[in-house]
Amino acid sequence: MLRLEMQGTDIPNAGLGEATETLGALATPALLLDKDRLDRNLTRLSSRMAARGVVLRPHMKTGKSIDVARRAYRSEPGPITVSTLAEAEYFARHGFRDMTYAVGLAAHTAERAMRLRKAGIDLKVLLDSPEQATMLGAAGRAAGVTPSAFIEIDCDGHRGGLTPADPKLIVVAAAMVEAGVRLAGILAHAGESYGLCAPEALVAAAENERAVAVAAATTLRAAGHECPVVSVGSTPTAQFAEDLTGVTEIRAGVYMFFDLVMLGVGVCTTDDIAISVLATVIGTKPEKGWILVDAGWMALSRDRGTAAQQVDQGYGLVCDLSGKIYPDLIVAQASQEHGILAIRSGSAEALPDLPIGTKIRILPNHACATASQHELYNVVSAGSDTIEAQWPRIRGW
């Protein structure tokens with residue numbers, strides 16, 4: 001059985017020695033988290049959903065930390081989304097019981113998920129085929145539990161799932177009934193919204209996501225299947241949805257931290273980006289217009305999501321130690337442990353004077369990918385260089 005607990009880990013300067021209590025003394029590369037920006041981001045979306053009468057089910061694939069989850073749920077655990085069963089097991093140990101595993105099933109994940117249900121966790125899973133329904137039913141019988149699953153709905157051709165008009169939708173629902181799997185509802189994700197940048201396009205994407213999800217639920221109900229939950233969500237559509245009629249819950253994850261891709265989409269400003277990577281200048285090549293730092297793709301990730309946007313941010317946007325952005329200074333190249341800072345192509349800005357040993361901060365392209373390169377967050381407050389706590393992250397699958 002899982003040991004369920006809910007105890008504090010946000011201990012000031014946890015694991016920090018006297019020599020590493022400030023940013024200037026912290027060994028690099030290191031992942032920083034501005035908890036004031038985090039709190040502001042969490043409050044903004046939770047208030048938006050509360051005003052519309054829709055449940056917010058935060059996606060913990062971004063934060064992957066009990067301490068981050070406790071900023072979203074100050075009093076007691078609430079509903080969350082997870083992307084790995086390692087996350088599900090981790091959050092279960094910390095008292096979270098209502099979870100959606102929003103990744104398609106394989107046999108081994110079905111069996112592992114049913115062990116969590118056996119332990120009393122209301123873990124709902126995701127499928128879009130009769131074969132998965134049969135497999136999940138068998139795993140549930142073996143564990144002595146009743147599985148609960150969403151049918152994945154394709155609202156924009158981004159990934160898997162079924163369209164509302166696909167006859168297979170009713171076939172899958174019938175297969176679930178035959179296999180003894182409870183239909184939790186339908187789940188859609190407007191992943192194509194990440195490729196947009198105009199407000200009107202984002203509003204349209206949010207409405208399409210809603211309309212397709214509601215149509216799928218209507219089709220299932222007309223065929224005699226209960227469909228209690230209509231779950232949609234992506235950070236862009238959650239921020240831009242104007243009408244959520246028929247939707248019961250919203251899922252979003254990167255809104256907690258935001259990043260440069262979200263900046264390019266138009267759903268945040270640089271002042272909303274809550275994480276950054278602390279790095280140290282380790283060399284200069286003035287003849288090439290380069291500054292070398294000790295944060296390469298192992299610290300930043302290889303994600304180049306902004307390359308397809310109107311403004312290419314390289315591997316990240318560079319700030320000084322206080323978080324002030326150096327105009328047009330980006331991580332232009334990255335190898336495993338080296339980052340090369342340079343002025344953005346076409347800019348008239350001058351390369352700043354950053355002597356060897358200077359500490360800088362790098363805003364990431366993709367918060368989830370960058371955070372996943374690190375074991376923990378070094379937590380700071382706005383305007384302070386004191387490291388207040390270190391929050392561990394869960395990793396693996």
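- Between the side chain of Arg37 and the backbone N or O of Met256 there is no donor-acceptor pair closer than 3.5 Å.
- Residue pairs meeting the ring pair (Phe, Tyr, Trp, His ring centres under 6.0 Å) criterion with at least one member in residues 312-348: none, sequence neighbours excluded.
- Within 6.0 Å of atom CD in Glu178, 12 or fewer heavy atoms from other residues, nucleotides or ligands are found, so the atom counts as exposed in its surroundings.
- Cluster partners of Phe150, using a side-chain heavy-atom cutoff of under 4.5 Å among ILVMFWY residues and allowing indirect links, are Leu126, Leu187, Val229.
- One distance of note links NZ of Lys324 with CG of Leu321; it measures 13.5 Å at 0.5 Å rounding.
- Ala216 and Ile153 get closest at one heavy-atom pair: CB-CD1, 3.6 Å.
- When side chains are defined from C-beta on, Leu244 counts as touching Ile250, because their heavy atoms get closer than 4.5 Å.
- No side-chain donor from either of Thr386 and Glu21 sits under 3.5 Å from a side-chain acceptor of the other.
- Legend: salt bridge (Lys or Arg N to Asp or Glu O under 4.0 Å) pairs involving residues 356-370, not counting sequence neighbours: none detected.
- Evaluation of the side chain to side chain donor-acceptor pair (under 3.5 Å) rule for Thr269 yields Asp272 as partners, not counting sequence neighbours.
- Within 6.0 Å of atom CD in Gln310, 12 or fewer heavy atoms from other residues, nucleotides or ligands are found, so the atom counts as exposed in its surroundings.
- Leu351 is connected to Ile360 through a chain of hydrophobic side-chain contacts under 4.5 Å among Ile, Leu, Val, Met, Phe, Trp and Tyr, so both are in one cluster.
- Taking each heavy atom of Leu32 and Leu23 in turn, the nearest pair found is CD2-CD2, 3.7 Å.
- Remark: the Arg210 side chain and the Thr245 side chain contain no N/O donor-acceptor pair separated by less than 3.5 Å.
- Under 3.5 Å, the side chains of Ser193 and Ser234 contain a donor-acceptor pair of N or O atoms.
- Asn208 contributes atom CG, which lies 6.0 Å from atom SG of Cys155 (distance to the nearest 0.5 angstrom).
- At a threshold of 4.5 Å between non-hydrogen side-chain atoms, the residues Ile170 and Thr219 count as touching.
- Side chains of Val380 and Leu33 form no contact here, defined as non-hydrogen atoms less than 4.5 Å apart.
- Here Val55 sits alone; no ILVMFWY side chain lies under 4.5 Å from its own, so it joins no hydrophobic cluster.
- The salt bridge (Lys or Arg N to Asp or Glu O under 4.0 Å) contacts involving residues 46-64 comprise Arg57-Asp98, Arg57-Glu249, Lys64-Glu87, where partners must be two or more places apart or lie in separate chains.
- Between the Gln309 side chain and the Val261 main chain, a donor and an acceptor come within less than 3.5 Å of each other.
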Hey, mind stepping through Arg251 and Thr100 against side-chain hydrogen bond (donor to acceptor under 3.5 Å, both in side chains) and telling me if it holds?
CA-CA 10 Å; Arg251 307 175 325 280; Thr100 295; over 6 Å; no
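- For Arg112 and Glu89, the salt-bridge test passes: some basic side-chain N is under 4.0 Å from an acidic carboxylate O.
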For residues 128-138, which side-chain donor-acceptor pairs fall under 3.5 Å, sequence neighbours excluded?
residue: Asp128; atom: OD2; partner: Gly161; partner atom: N; Å: 3.0
residue: Ser129; atom: OG; partner: Gln132; partner atom: N; Å: 3.1
residue: Ser129; atom: OG; partner: Gln132; partner atom: OE1; Å: 3.0
residue: Gln132; atom: OE1; partner: Asp128; partner atom: N; Å: 2.9
residue: Gln132; atom: OE1; partner: Ser129; partner atom: N; Å: 3.3
residue: Gln132; atom: NE2; partner: Leu105; partner atom: O; Å: 3.1
residue: Thr134; atom: OG1; partner: Pro130; partner atom: O; Å: 3.1

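- Note that the OG atom of Ser148 and the CG atom of Leu123 stand 9.0 Å from one another [nearest 0.5 Å].
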Which atom pairs, one a donor and one an acceptor, fall under 3.5 Å between side chains of residues 285-300 and the rest of the protein, sequence neighbours left out?
residue: Asp294; atom: OD1; partner: Thr28; partner atom: OG1; Å: 3.4
residue: Asp294; atom: OD1; partner: Thr280; partner atom: N; Å: 2.8
residue: Asp294; atom: OD2; partner: Thr28; partner atom: OG1; Å: 2.5

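- A donor-acceptor contact shorter than 3.5 Å is absent between the side chain of Asp34 and the backbone of Ile275.
- Scored by the side chain to side chain donor-acceptor pair (under 3.5 Å) test, Ser347 finds Asp328 as partners (sequence neighbours excluded).
- Residues Ala184 and Pro228 approach most closely at O-CG, 3.2 Å, considering heavy atoms.
- Grouping the Ile, Leu, Val, Met, Phe, Trp and Tyr side chains by contacts below 4.5 angstrom, directly or via other members, places Ile340 apart from Leu354.
- Taking every heavy atom of both residues into account, Glu349 and Pro327 meet most closely at CD-CB, 3.5 Å.
- Interatomic distance, Leu363 CG to Leu263 CG, rounded to the nearest 0.5 Å: 9.0 Å.
- One finds no salt bridge joining Asp67 and Lys35 here, because no Lys/Arg side-chain nitrogen approaches an Asp/Glu carboxylate oxygen to under 4.0 Å.
- Closest approach of Cys197 to Gly264, counting heavy atoms only: CB-O, 3.5 Å.
- Taking a cutoff of 4.0 Å between a charged side-chain nitrogen and a carboxylate oxygen, Asp122 and Arg117 qualify as a salt bridge.
- No donor-acceptor pair under 3.5 Å is formed between the side chain of Thr370 and the backbone N or O of Ala367.
- Applying the side-chain hydrogen bond (donor to acceptor under 3.5 Å, both in side chains) test to pairs two or more places apart or on separate chains, none has a residue in residues 163-175.
- In the hydrophobic clustering of ILVMFWY residues, with side-chain heavy atoms under 4.5 Å counting as a link, Ile362 and Ile325 come out together.
- Minimum heavy-atom separation, Arg97 to Ile121: O-CG2, 3.5 Å.
- Within a 6.0 Å radius of CD in Glu226, other residues, nucleotides and ligands contribute 12 heavy atoms or fewer.
- A donor-acceptor pair is defined here as one N or O able to donate and one able to accept, closer than 3.5 Å; no such pair exists between the side chain of Thr62 and the backbone of Cys368.
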Passes side-chain hydrogen bond (donor to acceptor under 3.5 Å, both in side chains), Asp385 versus Thr22? Steps please.
CA-CA 5 Å; Asp385 69 348; Thr22 65; 4.8 Å; no
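- Salt-bridge formation is not detected for the pair Glu375/Arg393: no Lys NZ or Arg NE/NH1/NH2 atom is positioned less than 4.0 Å from an Asp or Glu carboxylate oxygen.
- Checked by atom type and distance alone, the side chain of Arg344 never pairs as donor or acceptor with a backbone atom of Leu329 at under 3.5 Å.
- With 3.5 Å as the limit, one finds no donor-acceptor pair spanning the side chains of Ser46 and Thr43.
- Side-chain contact annotation: Ser301 with Asp303, donor-acceptor N/O pair under 3.5 Å absent.
- When hydrophobic side chains of Ile, Leu, Val, Met, Phe, Trp and Tyr are connected at separations under 4.5 Å, Leu376 ends up as a singleton with no cluster partners.
- Applying the ring pair (Phe, Tyr, Trp, His ring centres under 6.0 Å) test to pairs two or more places apart or on separate chains, those with a residue in residues 210-260 are Phe257-Tyr377.
- A continuous path of ILVMFWY side-chain contacts below 4.5 Å connects Ile66 to Tyr73, so both sit in one hydrophobic cluster.
- Proximity of His59 to Ser83: side-chain heavy atoms (C-beta onward) are separated by under 4.5 Å at one or more points.
- Separating the CG atom in Leu220 from the CD1 atom in Ile186 is a distance of 8.0 Å, to the nearest 0.5 Å.
- Put simply, the side chain of Met262 reaches to within 4.5 Å of the side chain of Pro236, judged on heavy atoms.
- Under a hydrophobic-cluster definition in which Ile, Leu, Val, Met, Phe, Trp and Tyr are linked whenever side-chain heavy atoms come within less than 4.5 Å, directly or via other members, Leu127 and Val171 are assigned to different clusters.
- Atoms CE and CE, on Met99 and Met60 in that order, are 10.5 Å from each other to the nearest 0.5 Å.
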